[in-house]
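Right, one structure below, let's go through it.
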Amino acid sequence: MSKKIELFFISSEVSPFSKTGGLADVSYALPKELQKQGINVSIFTPKYAVIDDNKYNLQDVPNSEFQIQIGEKLLEGKLKSLQIEENLKVYFVVNDHYYGRSGLYVDPVSNSDYSDNMERFIFFSRGILEAAKKINLKPHIIHCNDWQTGLIPVYLKTLYSEDPFYNKTKSIYTIHNLAYQGIFDKGEYYKIGLSWEFFSIDGFEFYDRINFMKAGIIFADKITTVSEKYAEEICSSVDYGYGLEGVLKNRKSDLYGILNGVDYTNWSPSRDKYIPKKYNSRDLTKKILNKKELLKRFNLPFDENIPTIGIISRLADQKGFDLIEAAADELMQMPLQLVVLGVGEQKFQNFLERLEAQYPEKVGIYIGFSEELAHLIEAGSDMFLMPSRYEPCGLNQLYSLKYGTVPIVRATGGLDDSIVQFNRDEQSGTGFKFYEYNRDALLNAVKLALEIFKDKTLWKKLMINGMKQDFSWRNSAKKYVKLYKNLIK
Ligand code: ADP
Ligand code: GLC
């Protein structure tokens, strides 16, 4: 019998402990499914101030204390842990100076990145490698995610390549979003602890600066990203590759697109603990009660015949708010209501608040982060809008399908891979897609959705088509397991 695979899953956010976006959802749901499929998984994540030790009853991990040299500074850290399942444990990397702050990456007061983010994630990466040695937990594979973990594949092939503890360890690097690369001034290079040899075109160097994601892509044994379409897109143009398209193209034979899945124990209307009325595809009348509750929350009038369009999103360029802004006046002439939950860039926040002030009977905005409201919007909306400029995978369109909340999406990345255009004659498909990134394309998709919405029978068919889709993690996790097995063969 072959030995079980020991996997480290490294992520800078893990739901429900810490979350700014979809990475957190993936970083809990995927390991949970991997564990079911026979992998021993240890998740590693920073112990941020938002994570309450007592609420989760985090345990001290004996002998996990470690020290890391960053430039002149000698820093100390340790691990805390939480056992989730027999073969699934979360390790929290503790250092209050670096992680005991109110934000994850961004200072909520100034709304700008913490100036020592580079150090924070050097400490995280090396800290994990050192602490695991201390507690004698030896991984076959380290699965890294996004720029915050880009150093780990590099360290494995440099500082630790001769270390008997790690010299057989393989790395996988998953790209969730290429727009965030971890780019820093080369004056800080000494902090990484590697010789200048690695500050080259085949290493960290990116337009004379340091790029963590680039290094991760170059040094990892395998690379994945979160949809097949995005895997194609990022190799093909600067619009998607953000300057790394050449690097990715060079590694195309090691790059795999694996679509994210959904944790239906958390995101399905028949079990959702946050929504006022649970429902399923056999009994859609209760969905209306959630809509009533949602509209009440936003002080909007209820009318069964006026569709409510929901949006839950980071307020970032990626998500297409400039298109919504360009289309806003015309959208507001249509028979619809718009409900938006989001937090992020000030310019989009301002736009949304202006829109609400101008059309108080049609628009409801909540600026902030609310897990509970996110679930209510999924349950209470009729349609869900994601006009993204690019979208590596996107989770809310997948959640929306299960809630019978019909997605209207731009056909990019995972949105294109997961949503099928509704075909009126065949009554097939799950949503509405548009291709060009412009306001007319968006408006046409919304108009079509509104037209179909008027036909109650057709609309119900469309809702049920979506609710029947299965995007559970089972299939996608199998693809990761296959990749792991091939790597350590
Ligand atoms: P991204 O990771 O690019 O932000 P995804 O669609 O993959 O986009 O995932 C977004 C996740 O974050 C979803 O779980 C969504 O519900 C959640 N989310 C985004 N903004 C908010 C918010 N303001 N309040 C609550 N949840 C949010
Ligand atoms: C990123 C992407 C999003 C994806 C998520 C989880 O933040 O923007 O499309 O679903 O990561 O992979």
Side-chain angles (χ1 to χ4, degrees), residues 20-21 106 108-109 111 274-276 287-389 394 396-397 399-400 403 405-410 432 434 437-447 449-450 453:
T20 67
V106 173
V109 178
N111 212 13
Y274 293 107
I275 64 177
K287 183 166 168 65
I288 299 277
L289 301 174
N290 291 298
K291 175 170 173 172
K292 275 191 182 151
E293 180 63 31
L294 174 67
L295 294 176
K296 202 161 89 195
R297 204 64 95 71
F298 281 95
N299 241 331
L300 294 170
F302 170 80
D303 181 341
E304 209 176 326
N305 297 312
I306 306 250
T308 301
I309 302 183
I311 296 180
I312 304 162
S313 180
R314 289 182 294 112
L315 304 180
D317 280 325
Q318 169 189 354
K319 302 293 182 179
F321 286 99
D322 56 338
L323 273 196
I324 300 178
E325 186 162 11
D329 286 336
E330 232 172 296
L331 276 178
M332 290 299 119
Q333 304 314 312
M334 299 178 182
L336 55 79
Q337 294 167 315
L338 188 64
V339 163
V340 186
L341 165 63
V343 62
E345 282 185 50
Q346 193 63 44
K347 62 179 178 187
F348 298 127
Q349 219 161 284
N350 295 346
F351 152 62
L352 291 169
E353 283 170 348
R354 271 199 317 272
L355 195 68
E356 185 184 41
Q358 208 177 339
Y359 301 97
E361 75 294 353
K362 299 193 89 152
V363 179
I365 306 292
Y366 182 96
I367 301 292
F369 199 92
S370 164
E371 193 70 27
E372 181 261 344
L373 193 51
H375 285 254
L376 182 60
I377 291 177
E378 286 293 1
S381 305
D382 298 292
M383 303 170 187
F384 196 90
L385 182 59
M386 290 179 83
S388 305
R389 185 182 286 276
N396 282 109
Q397 84 281 13
Y399 302 158
S400 297
Y403 285 78
T405 302
V406 176
I408 304 172
V409 303
R410 172 154 182 267
F432 300 93
F434 63 99
Y437 190 78
N438 64 46
R439 74 185 264 288
D440 289 340
L442 165 68
L443 284 166
N444 287 336
V446 174
K447 274 183 206 152
L450 295 186
F453 184 78

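What you see is a predicted model, and the numbers here were worked out from it, not measured in a lab. The chain is numbered in sequence order, starting from 1.
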pair [X]-[Y]: side-chain heavy atoms closer than 4.5 Å:
X: D317; Y: D322; value: no
X: D382; Y: V406; value: no
X: N396; Y: P407; value: no
X: P301; Y: Q337; value: yes
X: L323; Y: F434; value: yes
X: K291; Y: L294; value: no
X: V106; Y: T20; value: no

Exam field: side chain [X] to backbone [Y], donor-acceptor pair closer than 3.5 Å:
X: E378; Y: A374; value: no
X: T405; Y: S381; value: yes
X: R314; Y: G344; value: no
X: K287; Y: Y403; value: yes

### Verdict with supporting geometry, F453 and M383, side-chain contact (heavy atoms from CB on, under 4.5 Å)
CA-CA 10 Å; F453 184 78; M383 303 170 187; 3.8 Å; yes

Looking at [atom1] of [X] and [atom2] of [Y], how far apart are the two atoms once the value is rounded to the nearest 0.5 Å?
X: T308; Y: K362; atom1: OG1; atom2: NZ; answer: 11.0 Å
X: L338; Y: F298; atom1: CG; atom2: CZ; answer: 10.0 Å
X: L289; Y: F302; atom1: CG; atom2: CZ; answer: 8.0 Å
X: F321; Y: Q349; atom1: CZ; atom2: CD; answer: 10.5 Å
X: I311; Y: I324; atom1: CD1; atom2: CD1; answer: 3.5 Å
X: I306; Y: L450; atom1: CD1; atom2: CG; answer: 9.5 Å

#### Entry: Test side-chain contact (heavy atoms from CB on, under 4.5 Å) applied to V340 and E356, step by step
CA-CA 10 Å; V340 186; E356 185 184 41; over 6 Å; no

### Message
Between D329 and Q333, is there a side-chain donor-acceptor contact under 3.5 Å, judged purely by atom types and distance?
### Response
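No, no side-chain donor-acceptor contact under 3.5 Å.
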
Looking only at heavy atoms, which two atoms of [X] and [Y] are closest? And how far apart?
X: A327; Y: L442; result: CB-CD2, 3.9 Å
X: G368; Y: L341; result: O-CD1, 3.5 Å
X: L300; Y: G364; result: CD1-N, 4.0 Å
X: R410; Y: R389; result: NH1-O, 2.6 Å
X: A441; Y: N438; result: N-OD1, 2.8 Å
X: I377; Y: G310; result: CG2-CA, 3.9 Å

### Task
Report, as yes or no, whether the 6.0 Å neighbourhood of atom NZ on K347 holds more than 12 heavy atoms from other residues, nucleotides or ligands.
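For K347, atom NZ is crowded (more than 12 foreign heavy atoms under 6.0 Å).
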
#### Entry: Single hit among R354, K319, R439 for salt bridge (Lys or Arg N to Asp or Glu O under 4.0 Å) with E325
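So the option named by the test is R354.
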
